[in-house]
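This structure is a prediction, so every number in the text was calculated from the model and none was measured. Note that ligands are numbered from 1 as they come in the structure, with each ligand's atoms numbered from 1 the same way.
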Amino acid sequence: MYDMNKFRLDGKVALVTGASYGIGFAIASGLAAAGAKIVFNDIKQELVDKGLAAYAEAGIEAKGYVCDVTNEDAVAELVATIEKEVGTIDILVNNAGIIKRIPMCEMTAAEFRQVIDVDLNAPFIMSKAVIPGMIKKGHGKIINICSMMSELGRETVSAYAAAKGGLKMLTRNICSEYGAYNIQCNGIGPGYIATPQTAPLREVQPDGSKHPFDSFILAKTPAERWGDPEDLIGPAVFLASDASDFVNGHVLYVDGGILAYIGKQPK
Ligand code: NAP
Ligand code: GCO
C-alpha cells in the first residue's frame, strides 16, 4: 500500500520568499498544513509584521525576517540565521517577484534590470545560498514560481517574460547540476491569479464594466475564472514532498488550462 505520509512535510524547514501575502502566503500556509516549519522574508519590517500577524491568525507559527532577496550578503546572513535559529532549510520556494508593465521601447534599462534582478537573479542567489546545506543533509527541494510568461509573451511585460523564461531554464539547470545530491528543483507556473500583483488588470471600470484584460483572460481560460492563491497549494505541497522525489526540472502549470487553449471562439 502506498505510504501517503510521503505527501507530509513534518520536521521539514520551508523558506518561502516574499510571503507576507499573496501567492507566497498561500503556499507557506499549505506547507504548514502539511507539517513544515515556516520561515519567510519580506523586504520591509512592516510587511514581515503584517505577515506574522496573518500567519498567527491562521494558527501558523512562522518566523519572519527582513531581507531583500537581491542582496547576496543579506541572503547569506538570512540563511545563516535561519540555520542557527530554526534549522537547515529543506524546502526553498523562490516566490518573491515584481512586474513592471511598460512598453519595451519606453522601459529604461534600469527598470528592465530591476525586474531581472528580483525575478531571476534573486532565485539564483537564494538557491546558491541554500544548496550547500541541502547537500550536507542529503536532500532538498527548490520550487521556483514561474509564470505563463515562462512560455508566452504579451505587450508591456518584456522584462518579466525574459526573467520568467530564464527562471524556467535556471530550474532545469539546478535539476541538472544538483539532482545527483537528491535535490529536486521544479517550477510552478501559475496562470492568472487574483493577488495585489494582478489587481490593476481586474479593476472595475468607471462605468462599472469589467476591465478589458479581465474579460480577455476569462476568454483565454477554460476554467472561466481567475485563479485563487489556494489553487497553488496542492501542487506546492506535492513538489515539496517526498512524493515528488523523481520529478525534477519540471514546470507544473497551474493555469486552469490557459496554455492548452486557443481561446473562446466568437459566438
Ligand atoms: P505580490 O502580491 O506582488 O507579492 C510579491 C511579494 O514579493 C511581496 O510580498 C513583495 O514585497 C515581495 N518582494 C518583492 N520584491 C522583493 C525583494 N526584493 N525581496 C523580498 N521580497 C520581495 O505577487 P504575487 O501575485 O503574490 O506573486 C508572487 C509570485 O508569483 C511572483 O514571483 C509572481 O511573479 C508570480 N506569479 C504571479 C501570478 C499572478 O497572477 N499573481 C501568476 C504567475 C506568477 P513588497 O510588497 O514589499 O513588494
Ligand atoms: C500580466 C500578469 C501576468 C501574471 C502571471 C501570469 O501582466 O500579464 O501580471 O504576468 O502575473 O505571471 O502567469
Do D119 and L167 make a side-chain contact, defined as non-hydrogen atoms from C-beta onward lying under 4.5 Å apart?
no

| said: I'd like to check whether L201 has a polar contact with ligand 2, where a contact means an N/O of the residue lying under 3.5 Å from an N/O of the ligand. | reply: no

Note: ligand 2 atoms sitting under 4.0 Å from heavy atoms of R154 are 1 (C), 7 (O), 8 (O)

*asked:* Considering both backbone and side-chain atoms of T198, is one of its nitrogen or oxygen atoms within less than 3.5 Å of a nitrogen or oxygen in ligand 2?
replied: no

- Strictly by modelled atom types, are Y178 and Q184 linked by a side-chain donor-acceptor pair under 3.5 Å? no

Report task. Test side-chain hydrogen bond (donor to acceptor under 3.5 Å, both in side chains) on S244 and N186 and set out the steps. Result -> CA-CA 10 Å; S244 62; N186 292 287; 5.3 Å; no

Checking heavy atoms under 4.0 Å, the part of I193 that sits near ligand 2 is neither

Q. Yes or no on side-chain hydrogen bond (donor to acceptor under 3.5 Å, both in side chains) for Q45 and Y65, after CA distance, side-chain angles and deciding distance?
A. CA-CA 8 Å; Q45 187 60 52; Y65 299 87; over 6 Å; no

Per-atom filter on ligand 2: closer than 4.0 angstrom to a heavy atom of R101 are 1 (C), 2 (C), 7 (O), 9 (O)

With heavy atoms and a 4.0 Å threshold, my read on which part of K164 contacts ligand 2 is neither

Per-atom filter on ligand 2: closer than 4.0 angstrom to a heavy atom of M149 are 10 (O)

Hey, are N144 and T171 close enough side-chain-wise for a donor-acceptor pair under 3.5 Å?
yes

Sorted by chain and residue number, the ring pair (Phe, Tyr, Trp, His ring centres under 6.0 Å) partners of F216 (sequence neighbours excluded) come out as F213

Please say whether G191 places an N or O atom under 3.5 Å from an N or O atom belonging to ligand 2.
yes

Quick note on ligand 2: atoms under 4.0 Å from a heavy atom of Y192 include exactly 1 (C), 2 (C), 3 (C), 4 (C), 6 (C), 8 (O)

**Prompt:** Is there a side-chain contact between L259 and L152, using heavy atoms and a 4.5 Å cut-off?
**Reply:** yes

Going by the 4.0 angstrom heavy-atom rule, the piece of I99 near ligand 2 is side chain

Ligand 2 to S147, heavy atom cutoff 4.0 Å, flagged ligand atoms 5 (C), 6 (C), 12 (O), 13 (O)

heavy-atom search around atom 10 (O) of ligand 2 in the protein gives Y160 CE2, 3.2 Å

Exercise for the section: Indicate whether any N or O donor in one side chain lies under 3.5 Å from an N or O acceptor in the other, for K210 and Q205. Expected result: no

Could you tell me if D73 and N71 have a donor-acceptor pair between their side chains, going purely by distance under 3.5 Å?
no

Near M148 (heavy-atom distance under 4.0 Å), the atoms of ligand 2 are 6 (C), 13 (O)

Expected contact list for ligand 1 at under 4.0 angstrom, heavy-atom basis, is G18, Y21, G22, I23, N41, D42, I43, K44, L47, C67, D68, V69, N95, A96, G97, I98, V118, I145, C146, Y160, K164, P190, G191, Y192, I193, T195, P196, Q197, T198

_Please check if the number of heavy atoms outside E83 that lie under 6.0 Å from its CD is greater than 12._
yes

heavy-atom search around atom 11 (O) of ligand 2 in the protein gives Q197 OE1, 2.8 Å

Working for side-chain hydrogen bond (donor to acceptor under 3.5 Å, both in side chains), residues T198 and R202 | CA-CA 7 Å; T198 56; R202 291 176 281 109; 3.1 Å; yes

Worksheet item: Taking N or O atoms only and a 3.5 Å limit, does P190 qualify as a polar contact for ligand 2?
Response: yes

Practice problem: Answer whether the closest heavy-atom distance between the side chains of D242 and K12 falls below 4.5 Å. | Solution: yes

- Give a yes or no on whether E85 atom CD has more than 12 heavy-atom contacts from other residues, nucleotides or ligands under 6.0 Å away. yes

